[in-house]
Amino acid sequence: MSIEEPHDDLPPREPRPLGVHVAADAAIAFLVLVVVLLVFSVSIWVILGVAGLLGLLAAPFTRRAEERALARRYATGGGSPSA
């Protein structure tokens, strides 16, 4: 079984806004933290606050990762950022 190259029919797009990355990263952090911290009887409000803070901190890194992935896609002929 071989790994195929991605199809070239993906439409070009810009990276998602930073706010989308904040929301997604905060949601992931919440899901990771809620199981562990509820066992230790930590308030749900504290968990939400920590998850939000982690989302804010991680968002610039995940956005840059998306920008690099899109740039790699454009470099291999998977679309053009100006199209």
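Between Glu66 and Arg73 there is no salt bridge, since no side-chain N of the basic residue sits under 4.0 Å from a carboxylate O of the acidic one.
Of the listed residues (Leu54, Leu48, Leu37, Val50), just one forms a side chain to side chain contact (heavy atoms under 4.5 Å, CB included) with Phe30, and that residue is Leu48.
The heavy-atom pair separating Ala59 from Val22 by the smallest distance is CB-CG2, 3.4 Å. For the residue pair Gly52 and Ala26, the shortest heavy atom distance occurs at CA-CB, 4.1 Å.
Listed for the Arg63 side chain is a donor-acceptor partner under 3.5 Å among the backbone atoms of Arg16.
To the nearest 0.5 Å, atom CD1 of residue Ile47 and atom CG of residue Leu31 are 11.0 Å apart. Residue Glu14 holds its CD atom at 9.0 Å from CD of Glu67, rounded to the nearest 0.5 Å.
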Evaluation steps, side chain to side chain contact (heavy atoms under 4.5 Å, CB included), between Val42 and Val36: CA-CA 9 Å; Val42 176; Val36 176; over 6 Å; no
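Grouping the Ile, Leu, Val, Met, Phe, Trp and Tyr side chains by contacts below 4.5 angstrom, directly or via other members, places Leu53 apart from Leu33. Tracing side-chain contacts under 4.5 Å through hydrophobic residues (I, L, V, M, F, W, Y), one never reaches Val32 starting from Val35; they form parts of separate clusters. At a threshold of 4.5 Å between side-chain heavy atoms, the hydrophobic network of Ile, Leu, Val, Met, Phe, Trp and Tyr places Val39 and Trp45 in two separate groups.
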